**Q** 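Sharing a structure here in structure tokens format.
All chains are named by letter (A, B, ...) in the order of the sequence lines, taking the proteins before the strands, and each is independently numbered beginning at 1. Just so it is clear, the model here is predicted, and its values are computed rather than measured.
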Amino acid sequence: MQSFLGGNEMLRIENLTKSYGDKVAVDNLSLHIMPGEIYGFIGHNGAGKTTTLKACCGILNFDKGEIFIDGLSIKADPYGCKKRIAYIPDNPDLYEFLTGIQYLNFIADIFGISAHERKEKINEYSELFDLKANLAQHISSYSHGMKQKLAVISALIHSPKLIIMDEPFVGLDPIATHKLKQLMRKICDEGGAIFFSTHILEVAEKLCDKVAIIKEGKLVISGTMSEVMGNTSLEDVFLELEEKDA
Amino acid sequence: MLKALLKVRLAYLWASMFRSSTKTKTSKSSLSKVGLALLVLYGFGTLAFVFGAMYSAILEPFHKAGIDWLYFLLAGLFSAGIMFISSIFTAQTQLFESKDNDLLLSLPVPPSYLLLSRIFILFVIGFFLHIIVFVPSLVVYLMKYSLSVSQLICYFVIFLALPFFSLAFASLCGWLLAAITSRMRSRTLFTMIMSLLFFAVYFYINAQVQSYIQYITSQGEAIAEAIQGSIFPLFWLGSAIAEGNFLYLLLIVLFCVVPFALVYYIILKNFIKIATTKSGSAQIAYVERAFKLRSAKHALLRKELSRYTSSAMYMLNSSLGLLFGIIGAVFLAIKADDLLRIASKMAIDELYIGVIAAVALCGLSTMNLISAPSISLEGKSLWIPQSLPVPARDVLLAKAKLQMVISIPAMLITQIIIAFALQLPLEYNFVLFALPLVFTVFAAFFGLYINLMFPKFDWVSETVAVKQSASILLTMLGLTVAVVIPIVLYVFVLDKHMDIFTYTLLFTAIFGIASLMLYRYIDGRGAKRFEGLQ
């Protein structure tokens, strides 16, 4: 089992490079996330955000570099890493032939969650996101927002140390969005870490402790919110960076 | 706009049959495309040959009796019937339940174009079958007799018009099915029962085909007289070709095209309503119950089982061999005495009967294709097994295991019924049991292996993964070859050199070793391949 040296980073990406044929999707990207941090990942469409997030979750092989989750290499110990993380994709394509509760039970079985714990978690989060009454329904009958809520609940069921989210607020109603933001803060205050991509810069500005902006696969800027923004807004910084080489 | 829609539909049909979702060099190589094309041609050729042989049997007596028109009528009826049967369920899913209905209806596309483009695809699929069933009648006829130019023109025009007739009624039935099931909660059960009833009727007719042909051949003139005087459209169909009669041709073309136009109009009027009706969305209240904990492997297997039981189409298309096996065994139990008496008269050894039964069961196993579309069925939810902390081998083995969990008990029931019916000596029963059971395991791993090589994730309707994908076709053909090769090898080469008992044991061992090799692959490189699928 390979482990990196130095600190207790929850996520450490070292020189990540991933190409699709001739196109370099992610180019020598490095960053790290500490426990307690909400880390926003920003970039235009096709900048390489989803590729980076998927590589961190072990669902996409990469060409060069290393990714460590809580000290474990995703290449050397993918299952150890996957036990520590939860992933919410940009589109909640879940098992439509299962009911909501069947899906949550399936995920809980995979993670070996005890009956008591899963009952507690399912009740807590399904009530929080107002989905409990719909848990007996087939997922195929859910709206996009309901599927997104179910994906969030299933991600939280095993108390992951790191949550990786790709556009988590898409499809959620304002109340659910607000609750998710509060929950994200709470998870990080309790020692967890969150790495998420978003196009909503206002949310990133208010919610994130740190932010990274990616452009054409390369990390152009990263750091704490004040380091990145200075006296301007995140939107100004982002637009300035986007226009720089345009 | 219509042209663009038709192009998209054709591209989709082509992709669903011949394109894999993976981006590996293997799936795109010319060699695999040529191989696939050859296999398709082989399948089509075999079917066409079967129909040609049937036409050959009836042509001469009809020609001698001067009722050639009945010959062409029967060819037309066979073709129209097969097109109709094969299109009903496809019509239901393609016309009314396609997942892109919402998207296309939101675009400024007239529903008439949308419906026409979907019907066009049904026409294309039906037309392939039409070629296989109808064209051999012309080839067989021309091999023995000749046709004038006007007769050939009539044949060609009817060849083009007939699919419209079948399509009209298939679309109507598909529409009725969609209308009935769209508001049902037990939709899977209903579709399953309907399909089984349908199959029962279809196979009853199929089982009687030989006697029907004998009857038709012997009573050709009386049948011709009856049709001629009462069922005019049928007479027009046959006579248009046999006589080169353009008036009959016009009448039969109208008879095919007018119902199609009417059905098209009726469906068009209801298309948006049916296509946008959500299925069984009645609220089910969630009641908290005690959670039943399962191991990860068990959870994966249950998930596969849930997927299997959620779709009548998946269950039916992937488990026909099991159903036929049990029905066949019961039939055998009833007719066992007759069969054994015939075998005794023909001096066939009991061991051969056991081997034939075992090989027949292997043949039926080629229709058990539960694992063959199982990876493709992950579709857009492939990220779930890939992101969970479970080894890819466990995800894959759950898919093969499901086929075994369903097939082995059904196979055992079939074998026990056959064993009781045939009352073979113990060592002969070993052959009856061992070979099909080992082959069942082999079929499960083989289907999974092929799907791993040719997955298809970008389907819009599950039908594509379950019925039309390269994985299904290759698995079925591969398993058929695996059954046929040992038979051919023994009959033509090894008959004199090896006794049948040893030979059967040898192939049981070969299938066992092949299963082990496939298992090893899935456990190692196959798991790696699955992790890299996108």
**Q** Counting only non-hydrogen atoms closer than 4.5 Å, can you tell me which residues of residues 383-391 of chain B sit against chain A?
**A** B:Trp383, B:Ile384, B:Pro385, B:Gln386, B:Ser387, B:Leu388, B:Pro389, B:Val390, B:Pro391
**Q** Identify which part of A:Ile101 has an atom lying under 4.5 Å from any heavy atom of chain B, answering side chain, backbone, both or neither.
**A** side chain
**Q** Looking only at side-chain N and O atoms, does A:Asn123 offer a donor or acceptor that is under 3.5 Å from a partner on A:Lys132?
**A** yes
**Q** Applying the side chain to side chain contact (heavy atoms under 4.5 Å, CB included) criterion to A:Ser197, which one of A:Thr50, A:Ile42, A:Leu53 satisfies it?
**A** A:Leu53
**Q** Can you tell which of A:Ala133, A:Gly58, A:Cys57 has the highest number of heavy-atom pairs within less than 4.5 Å of chain B?
**A** A:Ala133
**Q** Is the distance between the ring centroids of A:Phe195 and A:Phe41 less than 6.0 Å?
**A** yes
**Q** In this structure, are over 12 heavy atoms from other groups packed under 6.0 Å from A:Arg118 atom CZ?
**A** yes
**Q** Taking every non-hydrogen pair under 4.5 Å, which of A:Ile107, A:Asn105, A:Asn61 racks up the most with chain B?
**A** A:Asn105
**Q** Let me see the working for A:His144 and A:Gln148 under side-chain hydrogen bond (donor to acceptor under 3.5 Å, both in side chains), right down to the final yes or no.
**A** CA-CA 6 Å; A:His144 182 93; A:Gln148 185 73 353; 4.8 Å; no
**Q** Go through the atoms of B:Leu300 and report whether side chain, backbone, both or neither lie under 4.5 Å from a heavy atom of chain A.
**A** both
**Q** Measure distances from A:Ile164 to the heavy atoms of chain B and classify the residue's part below 4.5 Å as side chain, backbone, both or neither.
**A** neither
**Q** Is A:Leu94 in contact with chain B via its backbone, its side chain, both, or neither, using a 4.5 Å heavy-atom distance?
**A** both
**Q** Please flag which part of B:Lys297 lies under 4.5 Å from any non-hydrogen atom of chain A: side chain, backbone, both or neither.
**A** neither
**Q** Quick test of your reading of the model: are A:Lys179 and A:Asp130 salt-bridged, counting only N-O distances below 4.0 Å?
**A** no
**Q** Using a cut-off of under 4.5 Å for heavy-atom pairs, which of A:Phe111, A:Tyr103, A:Phe106, A:Tyr87 has the most such pairs with chain B?
**A** A:Phe106
**Q** With side-chain hydrogen bond (donor to acceptor under 3.5 Å, both in side chains) as the test, would you mind laying out the steps for B:Tyr519 and B:Arg393 before giving the verdict?
**A** CA-CA 9 Å; B:Tyr519 170 80; B:Arg393 66 181 288 277; 3.1 Å; yes
**Q** Taking every heavy-atom pair that is under 4.5 Å apart, which of A:Asn91, A:Asn134, A:Ile110, A:Leu98 has the most such pairs with chain B?
**A** A:Ile110
**Q** Tell me, side chain or backbone of A:Ile85 under 4.5 Å from chain B's heavy atoms, or both, or neither?
**A** neither
**Q** A:Lys18 and A:Thr52: side-chain donor and acceptor closer than 3.5 Å?
**A** no
**Q** Quick check on B:Ser310 against chain A: is it the side chain, the backbone, both or neither that has a heavy atom closer than 4.5 Å?
**A** side chain
**Q** Flag the pair A:Phe68 / A:Glu66 as yes when at least one side-chain heavy-atom distance between them is below 4.5 Å, and no otherwise.
**A** yes
**Q** Do A:Thr99 and B:Tyr286 pair up side chain to side chain, a donor and an acceptor below 3.5 Å, judged on atom types alone?
**A** no
**Q** Is the NZ atom of A:Lys54 crowded by more than 12 outside heavy atoms at less than 6.0 Å?
**A** no
